[in-house]
Engineer: 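Okay, handing you the structure first.
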Amino acid sequence: MPAYRLRGAIRATDGEIGPPLIDEIITAGDRQEAVRLANTRETTPADEQVNALWLVDEGGTLVWSLRLADREV
């Protein structure tokens, strides 16, 4: 089963993304399942400062990304 990497960081107001504060492996059958699992991930108090999430496949290709501010629109 493919492994995807979920990462999260602080995105500054100028758009610059800092180093990953979240770096987790998600195992899923395909990209759609990996995105679904990323979207259902529970946040923890340590995640509160993170406002950008992204998911990459085993080759490092971006599969999905989310700015938490986009959810608040």
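All residue numbers in this chain count up from 1 along the given sequence.
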Engineer: Tell me the closest heavy-atom pair linking Arg11 and Ile17, and the distance in Å.
Structural biologist: CG-CG1, 4.0 Å
Engineer: Kindly give the heavy-atom pair with the smallest separation between Met1 and Ala28, and that separation in Å.
Structural biologist: CG-O, 3.1 Å
Engineer: Enter the distance from Arg5:CZ to Asp23:CG here, rounded to the nearest 0.5 Å.
Structural biologist: 4.0 Å
Engineer: Taking all heavy atoms of Gln49 and all of Ile10, pick out the closest pair and write down the distance.
Structural biologist: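 So the minimum-distance heavy-atom pair works out to O-CG1, 3.3 Å.
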Engineer: Do you reckon Leu55 sits in the same ILVMFWY cluster as Leu21, going by side-chain contacts under 4.5 Å, direct or chained?
Structural biologist: yes
Engineer: Applying side chain to side chain contact (heavy atoms under 4.5 Å, CB included) between Arg7 and each of Ser65, Pro20, Pro19, report the one that passes.
Structural biologist: Pro20
Engineer: Can you confirm whether more than 12 heavy atoms, excluding those of Glu58, are under 6.0 Å from its CD atom?
Structural biologist: yes
Engineer: Walk me through it: do Leu6 and Trp64 pass the test side-chain contact (heavy atoms from CB on, under 4.5 Å)?
Structural biologist: CA-CA 9 Å; Leu6 176 65; Trp64 169 87; 4.1 Å; yes
Engineer: What about Ile22 and Tyr4, same hydrophobic cluster or not, with Ile/Leu/Val/Met/Phe/Trp/Tyr joined at side-chain heavy-atom distances under 4.5 Å?
Structural biologist: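 Looking at the clustering, Tyr4 is in the same group as Ile22.
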Engineer: Check side-chain contact (heavy atoms from CB on, under 4.5 Å) between Ala12 and all other residues, then give those that pass, not counting sequence neighbours.
Structural biologist: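 With sequence neighbours excluded, Ala12 shows a side-chain contact (heavy atoms from CB on, under 4.5 Å) to Asp14, given in chain and number order.
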Engineer: Using residues 31-38 as the side-chain source, report each donor-acceptor pair under 3.5 Å to any protein atom, sequence neighbours left out, with the distance given to one decimal.
Structural biologist:
| from | atom 1 | to | atom 2 | distance (Å) |
| --- | --- | --- | --- | --- |
| Arg31 | NH2 | Asp57 | OD2 | 3.0 |
| Glu33 | OE1 | Gly29 | N | 2.7 |

Engineer: Take Leu66 and Trp54 through the side-chain contact (heavy atoms from CB on, under 4.5 Å) test and state the conclusion after the steps.
Structural biologist: CA-CA 6 Å; Leu66 172 74; Trp54 65 96; over 6 Å; no
